[in-house]
Amino acid sequence: MSGSRAPGSTPWQRVLITGGAGFVGSHLADALVAQGCRVTVIDDLSTGRFENIQPLVGAAPGSHGRGSFHFAIESITNQVVVDRLVSECDIIFHLAAAVGVKLIVEDPVRTIETNVLATEAVLKAALRYRVKVLIGSTSEVYGKSTRFPFNEDDDVVLGPTSRSRWSYAASKMVDEFLGLAYHAQRGLPVIVTRLFNTAGPRQTGRYGMVVPRFVGQALRGEPLTVYGDGRQSRCFCDVADVVRALIQLADCPAAVGQVFNVGSGREVTMLDLARQVLAAGDRLAGRPISGSAREEDRIRFVPYQDAYGAGFEDMPRRVPDIRKIKAMTGWEPTVPLEDTLARVIKSFRGE
Ligand code: UDP
């Protein structure tokens with residue numbers, strides 16, 4: 001995916017990425033600049049990090065392909081700024097959101113307000129200039145459904161409002177409803193993507209994400225903290241695959257007005273993930289990365305109560321049904337988890 005886009009190959013060239021200094025957004029910015037787009041990122045750096053986009057900011061014009069890069073450090077609830085940026089773009093990837101289970105449990109006000117108010121602001125401005133919007137939603141909206149794999153048309157099953165964890169799912173559902181309503185009622189081109197667990201360089205463990213947490217712990221020689229009994233599973237998709245999915249959907253006129261799962265179908269338990277992180281780290285270092293080679297010393301089981309406080313409900317499984325995006329665009333994940341883990345470990349080591 002390098003070089004500039006062929007003229008006329010896509011209806012959009014000027015791109016706005018909200019939350020573009022975040023994990024997924026910054027990789028998307030890299031890919032689109034490399035393809036020759038004019039990319040503008042708006043991010044208040046609340047959870048995003050400047051260093052994620054620093055190479056783009058500091059680069060000489062044209063050195064990342066034929067595209068260009070612009071950055072606004074601003075909240076997307078600033079209507080004046082959002083209005084101007086939206087008026088100057090052909091498509092918006094709306095990825096600004098409060099993410100990470102830890103943040104949600106600790107700061108539900110920020111979660112709800114960031115997610116709902118930001119999406120409202122983006123959709124209002126998009127309608128004014130009739131700009132296409134791809135909304136980044138989350139697999140969290142499926143809640144604790146036990147019908148696997150999760151299909152876009154499945155019912156969702158959320159817990160009570162007294163448990164703040166569910167505010168994340170509910171707020172992202174409001175985002176989805178709002179986006180789909182702008183499409184149905186006002187004719188705005190909106191696409192909703194539900195991102196499942198994504199992994200890759202630049203993801204931070206600060207907000208609870210398991211892959212960077214395990215890698216950080218392993219490289220510091222600390223035991224990996226497996227919550228519960230470690231039999232809960234997730235499907236991790238490499239961020240490069242996720243970025244490709246977002247671009248392909250945005251390029252697909254038939255995707256408008258619809259919801260798509262984006263994720264990998266390959267499931268791994270958290271205990272196996274911990275073992276794979278340790279094995280990959282050992283392989284790359286040529287020796288056990290944490291002092292001991294004994295699994296009892298390298299993996300620590302932590303009760304959920306200690307990790308998240310009382311009353312937290314973890315999802316035992318999260319598996320996407322990805323037939324819809326595949327049928328629509330031909331997309332499927334390509335990067336094996338082993339490769340993703342190796343890349344994350346190398347990036348942690350500054351390689
Ligand atoms: N998890 C874990 N140890 C950690 C952090 C997370 O065992 O240090 C578990 C967590 O309980 C969950 C899984 O890893 O079962 C994925 O957690 P993450 O927060 O990355 O994603 P989500 O729960 O939103 O799918």
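No hydrogens, no waters, no symmetry mates; every other heavy atom, side chains included, goes into these values. This is a predicted model, so every value here is computed, not measured. Start at 1 and go down the list; that is how both ligands and their atoms are numbered.
Among residue pairs with one or both ends in residues 168-194, those qualifying as salt bridge (Lys or Arg N to Asp or Glu O under 4.0 Å) are Lys172-Asp175, Glu176-Arg194; sequence neighbours excluded.
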Check residues 121-128 and write down every donor-acceptor pair under 3.5 Å in which the side-chain atom is one partner and the other belongs to a residue at least two apart or another chain.
unit_1	atom_1	unit_2	atom_2	d
Lys124	NZ	Glu120	OE2	3.0
Arg128	NH1	Asp83	OD1	2.1

Report all side-chain donor-acceptor pairs from residues 14-22 shorter than 3.5 Å, counting only partners two or more places apart or in another chain.
unit_1	atom_1	unit_2	atom_2	d
Arg14	NE	Asp90	OD1	3.2
Arg14	NH1	Glu88	O	3.3
Arg14	NH2	Asp90	OD1	2.8
Thr18	OG1	His94	ND1	2.8
Thr18	OG1	Leu95	N	2.9
Thr18	OG1	Ala96	N	3.1

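Ring geometry for Phe71 versus Phe69: interplanar angle under 30°, hence parallel rather than tilted (30 to 60°).
Side-chain rings of Phe196 and Phe236 stay apart, their centers remaining 6.0 Å or farther from each other.
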Check: every ligand 1 N/O to protein N/O pair under 3.5 Å:
unit_1	atom_1	unit_2	atom_2	d
ligand 1	3 (N)	Thr225	O	2.6
ligand 1	7 (O)	Tyr227	N	2.8
ligand 1	8 (O)	Arg213	NE	2.7
ligand 1	8 (O)	Arg213	NH2	3.4
ligand 1	8 (O)	Thr225	O	3.3
ligand 1	8 (O)	Thr225	OG1	3.0
ligand 1	8 (O)	Tyr227	OH	3.4
ligand 1	11 (O)	Asp314	OD2	3.1
ligand 1	15 (O)	Gln232	NE2	3.2
ligand 1	15 (O)	Arg234	NH2	3.4
ligand 1	15 (O)	Asp314	OD1	3.4
ligand 1	15 (O)	Asp314	OD2	2.6
ligand 1	19 (O)	Gly208	O	3.3
ligand 1	20 (O)	Val210	N	2.9
ligand 1	21 (O)	Asn197	ND2	3.2
ligand 1	23 (O)	Arg234	NH2	3.2
ligand 1	24 (O)	Arg318	NH2	3.4
ligand 1	25 (O)	Asn197	ND2	2.9
ligand 1	25 (O)	Arg234	NE	2.6
ligand 1	25 (O)	Arg318	NE	2.9
ligand 1	25 (O)	Arg318	NH2	3.4

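Judged by distance alone, the side chain of Gln217 and the main-chain N or O of Thr225 form a donor-acceptor pair under 3.5 Å.
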